[in-house]
Chemist: 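For reference, the structure I am asking about is given below.
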Protein chains: 4
Amino acid sequence: MSEDIRKNFASDNVTPVCSEVMEALSRVNHGGVPSYGEDTFSKTLKTRFGEVFEAEVEVFPVATGTAANSLALSAMVAPHGGILCDQSAHINSDEGGAPEFFTHGAKLVGIPSAQGQMDPATLPSTLVQNAEKGILAPPFQALSLTQATEWGTTYSCDALSQLSSTAHEHGLTVHLDGARLGNAIAHLGCSPAETTWKAGVDVLSFGGTKAGAMAAEAVVFFLNDRTRPLLNAMPHLRKRAGHTWSKHRFLSAQLLALLDNELWLTNAHHANMMSQRLVQALKRHPAAHLPFATESNEVFAVLPHPLLQELHDEGYHFYHYPTPEGVPGQLVRFVTSFYTRPDDIDALIDSLTA
Amino acid sequence: MSEDIRKNFASDNVTPVCSEVMEALSRVNHGGVPSYGEDTFSKTLKTRFGEVFEAEVEVFPVATGTAANSLALSAMVAPHGGILCDQSAHINSDEGGAPEFFTHGAKLVGIPSAQGQMDPATLPSTLVQNAEKGILAPPFQALSLTQATEWGTTYSCDALSQLSSTAHEHGLTVHLDGARLGNAIAHLGCSPAETTWKAGVDVLSFGGTKAGAMAAEAVVFFLNDRTRPLLNAMPHLRKRAGHTWSKHRFLSAQLLALLDNELWLTNAHHANMMSQRLVQALKRHPAAHLPFATESNEVFAVLPHPLLQELHDEGYHFYHYPTPEGVPGQLVRFVTSFYTRPDDIDALIDSLTA
Amino acid sequence: MSEDIRKNFASDNVTPVCSEVMEALSRVNHGGVPSYGEDTFSKTLKTRFGEVFEAEVEVFPVATGTAANSLALSAMVAPHGGILCDQSAHINSDEGGAPEFFTHGAKLVGIPSAQGQMDPATLPSTLVQNAEKGILAPPFQALSLTQATEWGTTYSCDALSQLSSTAHEHGLTVHLDGARLGNAIAHLGCSPAETTWKAGVDVLSFGGTKAGAMAAEAVVFFLNDRTRPLLNAMPHLRKRAGHTWSKHRFLSAQLLALLDNELWLTNAHHANMMSQRLVQALKRHPAAHLPFATESNEVFAVLPHPLLQELHDEGYHFYHYPTPEGVPGQLVRFVTSFYTRPDDIDALIDSLTA
Amino acid sequence: MSEDIRKNFASDNVTPVCSEVMEALSRVNHGGVPSYGEDTFSKTLKTRFGEVFEAEVEVFPVATGTAANSLALSAMVAPHGGILCDQSAHINSDEGGAPEFFTHGAKLVGIPSAQGQMDPATLPSTLVQNAEKGILAPPFQALSLTQATEWGTTYSCDALSQLSSTAHEHGLTVHLDGARLGNAIAHLGCSPAETTWKAGVDVLSFGGTKAGAMAAEAVVFFLNDRTRPLLNAMPHLRKRAGHTWSKHRFLSAQLLALLDNELWLTNAHHANMMSQRLVQALKRHPAAHLPFATESNEVFAVLPHPLLQELHDEGYHFYHYPTPEGVPGQLVRFVTSFYTRPDDIDALIDSLTA
């Protein structure tokens, strides 16, 4: 696989680390400090996240999104419990069974949907039917939502609130996979609080890596009566999974850099602009079909096979997805990032329309 | 806890990242490259480790030593199996149950010893007795050794060979926890190959973080008939534990920097020199007792409580250990590193002898 | 819930133990014999199953079907692996997460189907698509089929062979949940061998409890190159799950009694006759709809709500199933058994047609 | 291995089922009753255990002692937690890793002792030292005691109370492995309540199989503020482990038969008498050494190798134990039961003293 730096739209994790994060790593690189998160940088995290989310929080940084999601769920769900999510959810489809590993085999149940979004209208009956199975089905203990979704759409804050409210009524806690939360916020124009705890989210996987970090995500607990009892186990769960860095300051520094001056949102806004630039061109393209609204930094399009082959031959990277029968063409995804330049998009558009 | 940079002897993980590693991180920070280890930096790793260890290897980097040890064991041992180790082994005593987590509850059996070293003479009967228990005891499937040991001593290559040979005869594979392997090699004056696969080690946890990295260790498989069947599972096991970085080049770059110009051994040699500097002073100290030979970068000493209190008051950091009854004083540990300066040791000696 | 003995069609596990099994339990109840399966009764099991299935086998009895299925799968699939099955499969829908527990979180993937039967035509592409996801999806290691299926239909031996053959080509082993295997055999008129190993089944969960035992099922390994490597772990896996009876003869005696004189098949044949007796009446019933072919001892019918209410009021027990929207009535299930008398069916028919 | 019925002293699980239990099984063998414990026999269990133990209880029957112990612990301890027990405890030494399986890798820590009894005097410091390790050690969440112990001794009710009290002060719940609880009660002359919840026990594994059942044990929760929060999970945990019998009445009937007329205690008393009969002879035997007080139905003796060989040649069965160096002879165990006759003991004594 070539590494042509400007033609790689495979994912927002093919990017380098943004300069502000690299500088932050250098800044904390002096002196002997307590390990395992007892350093002053790490202790600042909680305060900074609290400010950004306007809430009382506890924060547990880890290096990968898979770890963040799985660790969060392992604190929320007993091994004999169930987790309800959209069928397309990353935890269900793309994490190699990590949630099952961390939760010791809790059962993930993925509900099919059109746009990667769970339906507030059908959630109550899903929960009731499962509960009626008694010991024959693992009892649902968490609802996991994704914002922005895997198909690049975003939940409205209202939809999130309805889903969370139903979940809470049935005794579930609510997890939000926020690998691309910044992109959703940039699209929605809401505050970080509005699309998380104010919409009923209990535990957030805050994505840092795709937003510009090297390897930094955070499990953020919004403190309330549902989450407080879960906190005691967290330091043990994180250590037991090998996700507590000894030189912990270097994990914290990345996250602090992203929060400073709203870098994570600025980066997300830029990525979204780049995806819209591509979308505008695709909408005018006679052979392109956009199956989903583009509400973050992922552009899904059905394109003719010969055109895709040409792109590939030019060195472009992008993902292919199983395409429903009868659709003329191939479903593919282009992902933009803080690192994408307008010129990169324009070059891609040129290739698409040549 | 104060963060006085020169008085922290608590561990070799309180240190910063050595400059060569930081520079390597900057060097790879450009362009979009394939994620999850498919980049060219990561692909170099296998070759470089092969050269350093003079063997055919497969290498799986992770961010923490706990992850490296536990991941290695999870490939070597079935959930219903057993792992034999020294009672003092880090996997048994200091990793918060991570090996049990990764192996799905394989049973760790820790054998008491004097110096943190398993005894080649008694290993055969231990293995036979366990096998005779049939289904009542988990069958041992791995022997895990630590080099340098948790008490700062090192196994001779001969002792390792005897232990490994017995293990292999009984169908066990051999794991080496090499969090401080460089320090052991620097002490023994042997080659990396001699204290690993040539002494029967099948799978190595190669320690990078304590040697100067930010967060980088590697599970190294020395290819042979015992290890080849274990390889297929590894990429899945690593991903499932959330330990496969998407921006994988930044994990690989740290390890490559340590191997370049034998930086890991140079750093280890320096750390050992610093510990010997302290040992020489303690040996002359009328109130100090050194219970173990200092054969790496950890100095264990029994010292009078008042003296330790004074050190503490001066801002020194070091670990306390449960001290056997009847011993006059307190068992403590001072750890040196690549970052320790001779002046730091001399200042500590001054305080000890004031 | 009333316990009216002749009106309970809820399941074939509401029945008593058939007299031949009770007598067998009494017969072995004398003397001190070795525990944990080393007694002579238990040692006979392997031979007897080998005769019945015309194959070389290893047999591991347990008390419940959930244990048999889950234990079998835990020997066939690594924790990081995947299990493919029909969405309706008992392992996926009715065992409270037991397969996930025994396999340490292996991922069950249930494929939707019309009649509870996997489609040989689409299996290859399902396997290929999953493999292409690499580390993002647990690799499938077992295909689990159910005979008779959860909807009371049976696979033809040809269909089983095609599915197994595809599975083997892709490196999966094949498990058959045979909780109602006798009923399927009685329907198909084939031999036990033909619908199991001759059709590619590697490991069978042989159902005893629903066939007349107190609490006895067996995991049966048909010895071949795929299954032999799995055998060593089995005694440990069974003990570790607490499913190795100390007074093991009482588990074995139940199974031996079922095999003697083909009692399991005689009982199954009787149960099937009783379900056909009911089916004939329902086919003539103007308000009844039979959504599935009745090919075992389970009769599924859509019936009007008022009629079902009347049955319920008369003391009848039967299961309700979620009924697709637009279907006029309620989907219910009546299960017959060795214990059902023609009179019981006729009384039920009278009530249905009154 | 021969099956000479009167010479098998290997264990109390080599025995048949006592006649009262067999009759009870026949008595409940009629009619269709609700499965999974919803039958009237099963519903009686809770009341009957409550009467016997003079307490409010919840009862979960299972078929094996390994399942009872492991299931109890899995409700008491999180996967990241620790379990403290005597090194000789069955859960630590003889259950093939079942507690690790059921608890998803909770760490069992076995403390060495002389007589199989934990020391109330050292328990506090053990608990404190572990807590001080923070995330480096799994936090202890349960104390597991065995009554009678694995070495045939019994805890006084006072000792149990002290241990429980310390455990509770440190936030642990207390589990009692009562595989031979009846034998301990028969020895102590106390009530079932006095040696369980009145001595601080929270959860009991009540042993039925060794007391005369076919395959029946019970996890008994003594309701209090520590145990009530654990109850909700239990039906799910039991089902998930495949230990919920569908024809549940046959599990319950065994336990009810043991409780009726104090059969379990009568059987235990008889077994104890038989062991004392043997002990009296051994005490007079010039070459025998009894290392432990015989306070239940297990007799441990060090005997000369030639004598043991003669017993073996005569067809006797008994267990050998690793014998400490320097002890002249071999440590062996003779176990008596409800089924042992005085004549059997006398014949053994004759052989020992011939």
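Each chain gets a letter, A, B and so on, in the order the sequences are listed, and its residues count up from 1.
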Chemist: Under a 4.5 Å cutoff for heavy-atom pairs, which residue among A:Ala68, A:Ser19, A:Ala241, A:Gly97 has the most contacts with chain B?
Modeler: A:Ala241
Chemist: Regarding B:His248 and B:Thr244, do their side chains bring together a donor and an acceptor under 3.5 Å, going by distance alone?
Modeler: no
Chemist: Name the region of A:Phe101, side chain, backbone, both or neither, that has any atom closer than 4.5 Å to a heavy atom of chain B.
Modeler: both
Chemist: When you look at A:Thr209 and A:Met214, which way does the side-chain contact (heavy atoms from CB on, under 4.5 Å) test go after all the steps?
Modeler: CA-CA 6 Å; A:Thr209 309; A:Met214 180 183 287; over 6 Å; no
Chemist: Describe, in one word, how the ring planes of A:Trp245 and B:Trp245 are oriented to each other, choosing from parallel (under 30°), tilted (30 to 60°) and perpendicular (over 60°).
Modeler: parallel
Chemist: Does any heavy atom of chain B fall under 4.5 Å from the side chain of A:Leu25, the backbone, both, or neither of them?
Modeler: both
Chemist: Salt-bridged, B:Asp344 to B:Arg6, with N to O below 4.0 Å?
Modeler: yes
Chemist: Heavy-atom distance under 4.5 Å to chain B: side chain of A:Met22, backbone, both or neither?
Modeler: side chain
Chemist: For A:Ser70, which atoms come within 4.5 Å of any heavy atom of chain B: side chain, backbone, both, or neither?
Modeler: neither
Chemist: For A:His320, what residues pass the side-chain contact (heavy atoms from CB on, under 4.5 Å) criterion, not counting sequence neighbours?
Modeler: A:Phe318, A:Gln330, A:Val332
Chemist: Which one of A:Val28, A:Asn29, A:Thr64 has the most heavy-atom pairs closer than 4.5 Å to chain B?
Modeler: A:Asn29
Chemist: In terms of heavy-atom pairs under 4.5 Å, which option from B:Thr66, B:Leu71, B:Leu251 contacts chain A the most?
Modeler: B:Thr66
Chemist: Side chain, backbone, both or neither: which part of A:Ser337 has an atom under 4.5 Å from a heavy atom of chain B?
Modeler: neither
Chemist: Inspect the contact between B:Glu298 and B:Arg180 and indicate whether a charged nitrogen and a carboxylate oxygen are less than 4.0 angstrom apart.
Modeler: yes
Chemist: Need one label for B:Phe102: side chain, backbone, both or neither, based on atoms under 4.5 Å from any heavy atom in chain A.
Modeler: both
Chemist: Tell me, for A:His104 versus chain B, whether the close heavy atoms (under 4.5 Å) come from the side chain, the backbone, both or neither.
Modeler: side chain
Chemist: Under the 6.0 Å and 45° cation-pi test, does B:Arg27 pair with B:Phe41?
Modeler: no
Chemist: Do the numbers put B:Arg238 on top of the ring of B:Phe60, so that NZ or CZ is under 6.0 Å from the six-membered ring centre and no more than 45° off the axis?
Modeler: no
Chemist: Most heavy-atom pairs under 4.5 angstrom with chain A, which of B:Ala213, B:Ala98, B:Ala67, B:Ser26?
Modeler: B:Ala98
Chemist: Examine whether an atom of B:Ser11 lies under 4.5 Å from a heavy atom of chain A, and if so say whether it belongs to the side chain, the backbone or both; otherwise answer neither.
Modeler: neither
